[in-house]
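All values reported here derive from a predicted model rather than from experimental measurement.
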Amino acid sequence: MSSSCLNIPTMFQTFAPEDFFTRRCIWVNGPVIVGAGPSGLAVSAGLKKQGVPFILLERADCIASLWQKRTYDRLKLHLPKQFCQLPNFPFPEDFPEYPTKNQFINYLESYAKQFDINPHFNETVQSAKYDETFGLWRVKTISTGGPNPVEVEYICRWLVVATGENAEKVVPEFEGLQDFDGHVTHACDYKSGQSYSGERVLVVGCGNSGMEVSLDLCNHNAYPSMVVRSSVHVLPREVFGKSTFELAVLLMKWLPLWLVDKIVLILALLILGNIEKYGLKRPSVGPLELKNTAGKTPVLDIGALQKIRSGGIKIVPGIKKFSRGRVELVNGETLEIDSVILATGYRSNVPSWLKENEFFSNDGVPKNPFPNGWKGKAGLYAVGFTRRGLSGASLDAISVAHDIAKSWKEETKQKKKSMAARHRRCISHF
């Protein structure tokens, strides 16, 4: 899979002398994939099937670290399992329609085992830059798996960015938050409402995480107030026993998007009633169009709305400022609170390490929208940035693996021809 840079002496002229002794340098006869979440695993499996060698880098000590380390206990897949499976590996038949967090992690572990995927754990990419002189990518990492940190530089023809849209938590700045003397945590560190029993908790954010955290707090006898600054689409998870998402996908085969949006909203009104009177204002753009254009996912209700109706979850407007033991809202109301949970989402971390500005935007997502955001120039690829969940990531992974395999096989064939020609020339000299 890899060999020392001693086998490619022409590369030495690009290294600073002091780097030569401190950094291991590895030539990769295939792509380097950054990120061992579902996207990175799916690309790896596709390459394995095609016989293409690769190296898979992961900064954490496990696969799918977002799922294993930064999700709450009650989490289940929001969509039916058939829309969440990775390529060439269906979920076990005995799994429920909406697998739990632990079931999904077990599925991913089985996936890695099935395709013999062995990531380089505890290896963080510091930078990745295309060397135009040699037409190769230089990926610099720090490996912390051993007793001492080791700097490694990988040289490769192809680079696959599979770190996804949720690599880093988003923590907004709020006036006075440093003066608040209660517990403040991001949703990525929230596990259960058990430790919040009896507390008044401000949940900042009203997406799927904010709604579920608020519901979980309610179920553990806490008193959540959920901040809803902007409009939000709340849809029933199921319509007449069928997944709302599945129904929308089915309708989109026959009807235009705007009409499917109208049908979905009429069904939501019939099932959930008018949610605006509870402080949940719907956007003017339909849920599917909003997802396509802005990447904003609708909330699929699994019980939070009932708690909002009954007053178990209080809806409050935006935050003006925090102070000791309380928060002042933009409408002038003041709430006394014990804890704050920031369900404020995640973002890509690509701009912090990828030294490139043509393919990726400043926000760290491909500039070209789905389905054309998986391939850049000079052997650069992206998987897991479609804003279409696991099914979108799987589609991109199939395209990326196929494209790299095609190039790799052509280049390997050319190398073999070149070596055979050199061999014939050597024989002719005798």
Side-chain angles (χ1 to χ4, degrees), residues 1-3 26-69 84-91 104-125 128 137 139 141 143 145 152 154-167 348-350 353-354 366 373-376 379-386 388-409 411-412:
M1 182 184 291
S2 56
S3 59
I26 297 171
W27 163 252
V28 183
N29 181 27
V32 166
I33 305 165
V34 184
S39 299
L41 294 175
V43 176
S44 301
L47 292 169
K48 275 274 183 179
K49 284 195 78 178
Q50 304 249 26
V52 179
F54 60 87
I55 281 181
L56 175 59
L57 304 175
E58 171 54 51
R59 62 181 175 176
D61 59 359
C62 61
I63 64 166
S65 62
L66 175 68
W67 283 87
Q68 300 219 46
K69 300 190 173 191
C84 301
Q85 66 189 31
L86 300 187
N88 306 303
F89 198 73
F91 278 94
F104 185 58
I105 291 166
N106 289 340
Y107 166 79
L108 294 176
E109 298 276 13
S110 299
Y111 190 85
K113 190 175 179 183
Q114 172 74 19
F115 294 101
D116 192 27
I117 300 166
N118 300 294
H120 289 210
F121 292 122
N122 301 301
E123 193 154 352
T124 303
V125 175
W137 285 93
V139 183
T141 73
S143 174
V152 184
Y154 296 96
I155 311 293
C156 58
R157 267 277 292 112
W158 303 276
L159 175 65
V160 182
V161 180
T163 47
E165 303 153 320
N166 302 315
S348 164
N349 70 356
V350 173
W353 57 269
L354 182 63
W374 58 272
K375 185 176 181 179
L380 178 62
Y381 297 87
V383 182
F385 297 88
T386 63
R388 280 165 175 76
L390 292 161
S391 59
S394 292
L395 287 172
D396 277 358
I398 292 166
S399 299
V400 169
H402 177 77
D403 201 64
I404 291 175
K406 187 181 171 188
S407 300
W408 182 84
K409 285 172 182 175
E411 289 196 10
T412 304

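- Rounded to the nearest 0.5 Å, atoms CG (L41) and CD1 (I33) are 9.0 Å apart.
- Taking the side chain as every heavy atom from C-beta outward, W353 and T163 approach each other to under 4.5 Å.
- With rounding to the nearest 0.5 Å, the separation of NE2 in H402 from CD in Q50 is 7.0 Å.
- If you take CD on Q114 and NZ on K48, they are separated by 12.0 Å, rounding to the nearest 0.5 Å.
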Kindly determine whether V139 and L57 satisfy side-chain contact (heavy atoms from CB on, under 4.5 Å), including the steps that lead there.
CA-CA 10 Å; V139 183; L57 304 175; 4.2 Å; yes

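- Annotation: side chain of I404 is in contact with side chain of Y381 (closest heavy-atom distance under 4.5 Å).
- Of all non-hydrogen atoms in A42 and A397, the two that sit nearest each other are CB-CB, 3.5 Å.
- Ring pair F89/F115 is perpendicular by interplanar angle, where above 60° counts as perpendicular and below 30° as parallel.
- Across all their heavy atoms, P38 and L108 have their closest contact at CG-CD1, 4.1 Å.
- Side-chain contact check for L395 versus T386: every heavy-atom pair is 4.5 Å or farther apart.
- A heavy-atom distance below 4.5 Å is found between the side chains of D403 and W374.
- I105 CD1 to S110 OG: the interatomic distance, rounded to the nearest 0.5 Å, is 12.0 Å.
- The aromatic rings of F104 and Y107 lie parallel to each other, with less than 30° between the two planes, well short of the 60° mark.
- Here the side chains of L354 and L159 are in contact, with some heavy-atom distance below 4.5 Å.
- No side-chain heavy atom of V32 sits under 4.5 Å from any side-chain heavy atom of V125.
- Across S348 and F385, no two heavy atoms sit closer than the pair OG-CE2, 3.9 Å.
- In plain terms, the two heavy atoms of A36 and E58 that are nearest each other are N-OE1, 2.8 Å.
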Going through the checks in order, is the side-chain contact (heavy atoms from CB on, under 4.5 Å) test met by I63 and Q68?
CA-CA 8 Å; I63 64 166; Q68 300 219 46; 4.0 Å; yes

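- Note: N166 CG to N349 CG = 10.5 Å, rounded to the nearest 0.5 Å.
- The line from CG of N122 to OG1 of T141 is 11.5 Å long, rounded to the nearest 0.5 Å.
- Here the side chain of W408 pairs a donor or acceptor atom with the backbone of N29 at under 3.5 angstrom.
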Can you list the steps and then say if K375 with S399 is a side-chain contact (heavy atoms from CB on, under 4.5 Å)?
CA-CA 9 Å; K375 185 176 181 179; S399 299; over 6 Å; no

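- Scanning all heavy atoms of the two residues, the minimum distance from G35 to L56 falls at O-CD1, 3.3 Å.
- Between Y154 and H120, the closest heavy-atom pair is OH-ND1, 3.3 Å.
- S39 places none of its side-chain heavy atoms less than 4.5 Å from the side chain of D396.
- The residues D61 and K69 are annotated as salt-bridged, a charged nitrogen and a carboxylate oxygen being separated by less than 4.0 angstrom.
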